[in-house]
Amino acid sequence: MIYVKFEQVMNNVEEAVTEDELAALLDTETNITAYAGYEPSGQLHLGHLLTAYKLIDLQSAGVDIIVLLADLHAYLNEKGTIDQIREWARHYQECFTALGLAEETRFMLGSDYQLEPDYTKLILRLARHTTLNRARRSMDEVSRNAEDPVVSQMIYPIMQTADIGYLNIDIAVGGIDQRKIHMLAREELHSMGFQSPVCIHTPILLGLDGNKMSSSKNNLIAVEDSPESIKKKVDSAYCPARTIQDNPVLQLYRYFIFPRFKQVELERPKQYGGPIGYEEFAKLETDFAAGKLHPLDLKNGAATYIERIVGPIRGVLYSD
RNA sequence: CCCGCCUUAACUCAGUCUGGCAGAGUGGUCGGCUGUAGACCGACAUGUCCCCCGUUCAAAUCGGGGAGGCGGGACCA
C-alpha cells in the first residue's frame with residue numbers, strides 16, 4: 001500500500017529531494033504536512049494546476065495540506081499593489097477549492113502571520129546567515145527582472161525559508177523553478193535547528209507556442225478560458241509531426257489528460273483511419289513519434305479533454 | 001552630498017549634435033502554403049518619445065525644473 005502511495009506522489013514529478021526521505025515520511029503514522037505557496041497575481045493556469053494536483057495526490061496519501069496565498073511575497077516581487085494582490089488571493093482560493101482540494105485543506109494568507117514578532121526574528125536570523133549572492137541566485141527563476149533586483153526580492157527567499165520552518169512543513173511542493181530557494185531552505189533550516197523539508201518539484205510547463213510560458217504572451221491556458229478560447233489556443237499550438245521532444249500538446253496528454261482519464265478516445269476522419277483510443281500516454285506518444293497519429297487529431301482531442309478538465313472548475317467559479 | 005550616462009512600440013534599441021509627418025529588428029494580428037502549429041511568402045497594427053514648464057510657425061530633438069534606473073566619486077574621527 002505504501003508503495004502505491006509513493007508511486008502516486010512521484011508521478012509526473014521532476015524530482016524529489018530526496019526520494020528516500022519522502023518514502024520514509026509517507027511511511028510514518030504521525031501526521032505530516034505539505035504545502036505549496038502561490039503568488040496571487042494573474043489568472044490561475046495549467047501551470048498552477050500541476051502543483052495543485054500534486055497537493056491532491058498528497059492529500060489522498062493522508063498528508064495534511066496547507067495552501068499559502070503568499071500576498072506579501074507577491075508584493076515583494078513587484079506583482080502589484082497589496083489591494084490588487086488581496087483581490088487575486090480571494091480568487092485563487094475559490095479556484096483551488098473548485099478544482100478539488102478537500103474541505104480540510106488549510107488556506108493561509110501570508111500576511112496573517114508573516115508580520116508576527118517571532119516570524120520577524122526568524123527573518124532577521126536568516127538574513128544574518130544568507131549571503132547576498134545566494135539570495136540573488138535563488139531568485140533567478142522566480143523574479144522577472146534578473147538585473148536590477150530590489151532589496152525586497154532578496155527578502156523573498158528568506159521569507160519562503162521562514163515559512164517552511166514557522167509552519168513546520170514536512171514537504172514543500174513547487175515547480176522546479178523553486179529549486180534553489182528550497183535548497184537554501186533545507187540548508188539554512190537545518191543549521192538553525194529546524195528540520196529540513198522534503199521537496200517535491202513539478203516540471204515547468206512549456207507554453208503552447210513551445211517557448212517559456214508567459215501570461216503576457218498569451219501562450220497558456222487559464223482555468224477561466226472558455227471552450228472556444230481553449231480550442232483556439234490548442235489549435236495554434238506548436239506541434240511538429242512525429243516530434244515528442246518539447247511538444248506542448250503532448251504535455252497536455254502527459255500531465256493532465258492521461259492522469260485523469262483511463263481511456264482516451266480521439267476522433268479522426270475516416271479517410272485518415274477513423275477514431276482511435278488509448279489507455280496510456282506511452283502508447284500515444286509512440287504512435288505520434290511513428291507518425292501514426294496526426295498533429296491535428298492530437299490537437300482536437302487535447303482541446304476536448306482539457307475542456308472536460310477545466311470546464312467543471314469554471315462551472316463552480318461562475319455558479320454563484 | 002557631488003559628477004557622468006541612460007529613459008522612444010509588448011521587448012531590444014536607432015533617431016537628439018544640426019528642431020520639420022514617429023523608425024528598425026524581434027514579437028503580435030490576419031491571409032496564402034501545408035490535413036495542425038512552426039518555417040516560408042504576403043499584408044496589417046503598433047506609441048503618454050519618463051513627467052512638468054519654457055523657447056519656437058513647428059520640440060523625441062533646444063533651455064529650465066523634477067522622477068526613476070545605472071556607474072563613479074566623496075565621506076569613513
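Protein chains get the first letters and strands the later ones, always in sequence-line order, with residue 1 at the start of each.
Between A:Lys231 atom NZ and B:A37 atom C1' there is a gap of 12 Å when expressed in whole angstrom units. Summarising the geometry, the separation between CG on A:Leu250 and C1' on B:A37 is reported as 13 Å, rounded to the nearest angstrom. Distance A:Arg242 CZ to B:G35 P: 13 Å, rounded to the nearest Å. When rounded to the nearest whole Å, the span between CD of A:Gln271 and C1' of B:G35 equals 8 Å.
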Which side-chain N or O atoms in residues 35-43 of chain A pair as donor and acceptor under 3.5 Å with protein atoms at least two apart or in another chain?
| residue | atom | partner | partner atom | Å |
| --- | --- | --- | --- | --- |
| A:Tyr38 | OH | A:Thr51 | OG1 | 2.7 |
| A:Tyr38 | OH | A:Ala52 | N | 3.4 |
| A:Glu39 | OE1 | A:Lys79 | NZ | 2.5 |
| A:Glu39 | OE2 | A:Asn77 | ND2 | 3.1 |
| A:Glu39 | OE2 | A:Tyr156 | OH | 2.5 |
| A:Gln43 | NE2 | A:Glu224 | OE1 | 3.3 |

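Counting only residues at least two apart or on different chains, no side-chain hydrogen bond (donor to acceptor under 3.5 Å, both in side chains) pair has a member in residues 266-277 of chain A. For residues 189-200 of chain A, the pairs satisfying side-chain hydrogen bond (donor to acceptor under 3.5 Å, both in side chains) are A:Asp170-A:Gln195, with sequence neighbours left out. Contacts classified as side-chain hydrogen bond (donor to acceptor under 3.5 Å, both in side chains) and involving residues 245-259 of chain A (residues at least two apart or in different chains) are given here: A:Arg254-A:Glu285.
Annotation: salt bridge (charged side-chain N to carboxylate O under 4.0 Å, His left out) contacts of A:Glu21 (sequence neighbours excluded): A:Arg186. Partners of A:Glu188 according to the salt bridge (charged side-chain N to carboxylate O under 4.0 Å, His left out) rule, which considers only residues two or more places apart in sequence or in another chain, do not exist here. With sequence neighbours left out, the salt bridge (charged side-chain N to carboxylate O under 4.0 Å, His left out) criterion links A:Asp297 to no other residue. In this structure, the ring pair (Phe, Tyr, Trp, His ring centres under 6.0 Å) partners of A:Phe261, at least two apart in sequence or on a different chain, are A:Tyr305.
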I'd like a list of close polar pairs between nucleotides 26-34 of chain B and the protein, N/O only, cut-off under 3.5 Å.
none

Polar atom pairs between nucleotides 38-44 of chain B and protein, under 3.5 Å, N or O only, would you list them?
none

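With a 3.5 Å ceiling on both atom-pair distances, the Watson-Crick or G-U wobble partner of B:G54 is B:C62. Nucleotide B:C1 forms a pair with B:G73, judged by Watson-Crick or G-U wobble geometry with both contacts under 3.5 Å. Under the Watson-Crick and G-U wobble criteria, each requiring two contacts below 3.5 Å, nucleotide B:G23 is paired to B:C13. Of all nucleotides present, none satisfies the Watson-Crick or G-U wobble test against B:U34 with each distance under 3.5 Å. The partner of B:G68, taking Watson-Crick or G-U wobble pairs whose two distances both stay under 3.5 Å, is B:C6. B:G47: no Watson-Crick or G-U partner with both key distances under 3.5 Å is found in any strand.
Under the 6.0 Å cut-off for aromatic ring centres, A:His48 and A:Phe96 do not qualify, their centroids lying 6.0 Å or more apart.
Within a heavy-atom distance below 4.0 Å of RNA chain B, the residues of residues 272-289 of chain A found are A:Tyr272. Residues from residues 297-311 of chain A placing a heavy atom under 4.0 Å of any atom in RNA chain B, listed by number, are A:Asp297, A:Lys299.
Taking the C1' atom of each, B:G23 and B:C49 are spaced 11 Å apart, rounded to whole Å. Taking atom C1' in both B:G71 and B:G28, the straight-line distance is 35 Å, to the nearest Å. B:G25 sits 25 Å from B:C6 when the P atoms are compared, rounded to a whole Å. A distance of about 22 Å separates the P atoms of B:G66 and B:A60, rounded to the whole Å. Distance noted for atom P between B:G47 and B:A58: 26 Å (whole Å). On the P atoms, B:A74 is 30 Å away from B:C13, given to the nearest whole Å. Comparing the same atom, P, in B:G63 and in B:C5 gives a spacing of 12 Å after rounding to whole Å. For the P atom pair drawn from B:U61 and B:G15, the interatomic distance equals 15 Å after rounding to whole Å.
Put simply, the side chain of A:Val67 does not reach to within 4.5 Å of the side chain of A:Arg106, judged on heavy atoms.
For A:Asn300 and A:Lys231, the side-chain atoms include at least one donor-acceptor pair closer than 3.5 Å. In summary, the side chains of A:Ser111 and A:Arg86 do present a donor paired with an acceptor at a separation below 3.5 Å, with no hydrogens or angles considered. Between the side chains of A:Gln59 and A:Thr105, a donor-acceptor pair is found at a separation under 3.5 Å. Counted by atom type alone, A:Glu14 and A:His201 present zero donor-acceptor pairs between their side chains at under 3.5 Å.
Other residues, nucleotides and ligands contribute more than 12 heavy atoms inside 6.0 Å of the OH atom of A:Tyr53.
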